[in-house]
2 protein chains.
Amino acid sequence: MNLLVVGTVAYDSVRTPFGKKDKALGGSATYFSMAASFFTDVALLAVVGEDFEEEDRRLLEERDIDLRGMTAVPGGRTFRWDGEYGYDLNDAKTLKTDLNVLAEFDPVVPEALKDVPYLFLANIDPKAQAKVLDQVRHPKVVAADTMNYWITHCRKDLQDLLPRVHILLINEAEIRQLTAEFNLLRAAQKILTWGPKMIIIKRGEYGVLKITGDAVFAAPAYPLEAVFDPTGAGDTFAGGFMGHLAATGSLEPEALRQAIVMGSVMASFDVEDFSLGRLAQLERAEIDKRYHAFRRLTEFSDL
Amino acid sequence: MNLLVVGTVAYDSVRTPFGKKDKALGGSATYFSMAASFFTDVALLAVVGEDFEEEDRRLLEERDIDLRGMTAVPGGRTFRWDGEYGYDLNDAKTLKTDLNVLAEFDPVVPEALKDVPYLFLANIDPKAQAKVLDQVRHPKVVAADTMNYWITHCRKDLQDLLPRVHILLINEAEIRQLTAEFNLLRAAQKILTWGPKMIIIKRGEYGVLKITGDAVFAAPAYPLEAVFDPTGAGDTFAGGFMGHLAATGSLEPEALRQAIVMGSVMASFDVEDFSLGRLAQLERAEIDKRYHAFRRLTEFSDL
């Protein structure tokens with residue numbers, strides 16, 4: 001196995017100005033693994049309830065996602081998130097969160113997955129993220145996401161985790177909260193002194209910034225005429241990014257830049273439909289085509 | 001003369017979290033012409049009061065900006081703008097506007113400037129923009145800026161102007177207001193049916209989108225560790241953009257993309273100091289160096 005993600009599998013109820021969908025398959029590990037599956041073999045570590053639908057399991061299996069780490073709790077109910085977006089699709093408003101089986105999630109990495117080289121710790125309790133990291137023997141690349149809740153309530157755990165993480169994915173508001181620095185470059189430089197070698201700042205419809213000790217790379221979001229549902233865009237980005245990295249095996253600057261763009265490409269597909277609708281229908285040729293369109297979107301010649 | 005800008009020359013009082021400056025030279029035509037002067041010969045059409053300082057005139061003359069169109073009204077007072085920025089430097093809060101001589105501004109293009117091929121109509125009353133356009137005989141490229149005030153109060157005048165404009169520069173909030181479309185691509189497509197051939201959407205620290213009938217180009221803003229004062233960034237962008245276009249004489253897609261980046265480069269210098277502080281000290285070699293850094297900021301290789 002090349003890539004492992006620990007995170008959530010959820011049922012989402014999402015309302016946007018363009019429609020609504022109830023009990024839609026979602027969750028960070030779901031979006032991540034769907035996206036990554038186009039590039040490499042990927043396994044998912046998560047917990048679901050007895051209510052987890054067979055057809056949803058099949059959707060993941062059809063993409064060859066390894067589900068040996070997906071535990072179904074007898075009598076349990078799958079994590080639920082109800083959210084809403086206005087016209088400004090950058091900001092999700094959480095209406096309700098039912099942790100259900102997630103409240104007792106104690107991630108155990110199956111023996112067969114403990115030698116995975118690429119590891120993504122999606123946005124869950126940093127104590128659970130650390131626990132997964134403890135079980136993976138020699139990860140080559142560890143990337144992690146987080147959110148405002150953990151920064152506010154579990155800062156110490158998060159600070160303890162960061163020296164063990166190579167790549168931190170974080171959005172603009174979160175990096176400002178975490179570092180108490182408004183300027184994004186200075187905020188990133190501060191985190192680089194805490195251990196991570198690379199910070200990826202997610203800016204929603206404005207794209208991403210990748211910041212390392214010696215360089216900054218900026219990628220826009222792919223402009224679309226219709227964005228239906230931004231749910232999962234960040235995790236889909238992460239799945240494309242890590243999937244491409246794991247597939248190439250390279251950590252050279254050029255491979256990292258390509259991976260950033262591949263993440264952006266995958267996120268641009270995700271938002272074109274509700275839930276996993278677009279990713280489930282996606283063909284590899286479409287991905288390559290949009291990657292090339294991304295080049296044309298951003299390229300300009302020397303003077 | 002290759003390039004003419006009509007707009008304001010102002011005295012600004014600006015407060016940011018990093019300091020304050022009173023009676024600082026500002027105004028759209030000032031920032032624009034300073035930026036453009038690094039690339040081509042540029043003339044300025046504007047009105048000032050009797051209080052306009054000799055040293056400020058000298059600053060413009062030292063950059064070889066043609067001031068034959070800058071009228072000083074005897075007994076008049078120069079336009080004044082008092083503004084404030086919080087840590088989120090994207091949003092200026094206007095504290096006070098004193099139109100002064102600008103209230104009676106009736107732009108008359110000097111005979112010697114009527115054959116100018118490149119014309120920039122900075123953000124002033126669309127009736128005054130149209131009046132300047134009436135006087136320029138055969139402009140090759142006409143670009144215009146506007147703002148929410150004119151969209152709200154002079155929409156008819158602005159709509160009448162647009163079919164005569166090749167390139168519209170506008171920010172995100174303004175294009176949404178003007179078109180009643182939230183999606184930026186659809187908003188731009190709508191304006192393209194009104195006459196302009198190209199829309200440049202300014203997104204502050206997130207960069208710009210250039211939209212034509214068949215292509216989109218996205219450029220980020222150059223990330224800086226210290227932004228002191230964003231005043232004039234949009235006009236400085238426009239000056240770099242139009243200055244580069246006027247210098248190359250080309251309207252090919254590649255030249256337009258280069259010009260967008262050159263505008264972004266100039267804007268990135270503008271914000272590094274209050275007022276025109278940085279632009280007044282700038283050397284051409286620094287511009288070229290940052291253009292190359294911009295390429296490295298955004299480039300990524302094919303798969």
Side-chain angles (χ1 to χ4, degrees), chain A residues 17 86-89 172 176 181-189 201 203-211 215-227 244 247-248 252-262 264-265 287-288 291-303, chain B residues 17 86-89 172 176 181-189 201 203-211 215-227 244 247-248 252-262 264-265 287-288 291-303:
Chain A
Y87 280 97
D88 179 356
L89 295 159
E172 287 183 291
R176 285 170 174 150
E181 275 282 358
F182 193 86
N183 181 280
L184 297 179
L185 289 194
R186 280 192 293 206
Q189 296 298 346
I201 303 175
R203 312 167 106 184
E205 66 170 312
Y206 300 110
V208 297
L209 289 177
K210 170 176 88 71
I211 299 164
V216 180
F217 174 59
Y222 191 79
L224 294 166
E225 283 195 35
V227 174
H244 182 80
T248 63
E252 293 299 309
E254 284 317 310
L256 290 163
R257 285 170 180 241
Q258 286 185 341
I260 292 278
V261 174
M262 204 51 106
S264 305
V265 163
I287 296 171
D288 292 342
Y291 185 95
H292 291 115
F294 224 100
R295 272 175 62 81
R296 188 56 195 145
L297 171 69
T298 57
E299 71 188 352
F300 59 94
S301 53
D302 213 342
L303 290 176
Chain B
Y87 279 97
D88 179 356
L89 295 159
E172 287 184 290
R176 285 171 172 146
E181 276 282 357
F182 193 86
N183 181 280
L184 297 179
L185 289 194
R186 280 193 295 208
Q189 296 298 346
I201 303 176
R203 311 168 105 184
E205 66 170 311
Y206 300 111
V208 297
L209 289 177
K210 169 176 89 72
I211 299 165
V216 180
F217 174 59
Y222 192 79
L224 294 167
E225 283 196 34
V227 174
H244 183 79
T248 64
E252 292 300 311
E254 285 316 309
L256 290 163
R257 285 171 180 240
Q258 286 186 340
I260 292 276
V261 175
M262 204 51 107
S264 305
V265 163
I287 297 172
D288 292 342
Y291 185 95
H292 291 115
F294 225 99
R295 272 175 63 80
R296 189 55 195 148
L297 172 68
T298 58
E299 72 187 352
F300 59 93
S301 53
D302 213 341
L303 291 174

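Each chain gets a letter, A, B and so on, in the order the sequences are listed, and its residues count up from 1. The model shown is predicted, which means the values in this text are computed figures rather than measured ones.
For the set B:I211, B:L184, B:V216, B:T248, the entry with the most heavy-atom pairs within less than 4.5 Å of chain A is B:V216. Contact tally against chain B (heavy-atom pairs below 4.5 Å) for A:E225, A:Q189, A:E181: the top residue is A:E225. Note on B:R186, B:R295, B:E254, B:E299: by heavy-atom pairs under 4.5 Å with chain A, the leading option is B:R295.
There is no contact between A:L256 and chain B, counting heavy-atom distances below 4.5 Å. Contacts of B:F182 with chain A are made by side-chain atoms alone, with heavy-atom separations under 4.5 Å and no backbone atom involved. Interface residue B:P220: only side-chain heavy atoms are found under 4.5 Å from chain A. For chain B, the nearby part of A:P253 is the side chain; its heavy atoms alone come within less than 4.5 Å. The contact between A:F217 and chain B is made by backbone and side chain atoms together, counting heavy-atom distances below 4.5 Å. Only the side chain of B:V261 comes within less than 4.5 Å of a heavy atom in chain A; its backbone stays farther off. Heavy atoms closer than 4.5 Å to chain B are found in both the backbone and the side chain of A:D302. Residue B:A215 does not touch chain A at all, counting heavy-atom pairs closer than 4.5 Å. With a 4.5 angstrom heavy-atom cutoff, B:L224 touches chain A only via backbone atoms. Looking at A:R203, only its side chain comes within 4.5 Å of chain B, counting heavy atoms on both sides.
Side-chain contact check for B:N183 versus A:Y87: every heavy-atom pair is 4.5 Å or farther apart. Using a 4.5 Å heavy-atom cutoff, the side chains of B:S301 and A:Q258 are in contact. When side chains are defined from C-beta on, A:L303 counts as touching B:Y291, because their heavy atoms get closer than 4.5 Å.
Under the rule for a side-chain hydrogen bond (donor to acceptor under 3.5 Å, both in side chains), the partners of B:E205 that lie at least two apart in sequence or sit in another chain are B:N90.
The CG atom of B:L297 sits 7.5 Å away from the CZ atom of A:R257 when rounded to the nearest 0.5 Å. Distance check: A:F300 CZ to B:K210 NZ gives 13.0 Å after rounding to the nearest 0.5 Å.
The two atoms that bring A:P223 and B:L209 nearest to each other are CG-CD2, 4.4 Å, heavy atoms only.
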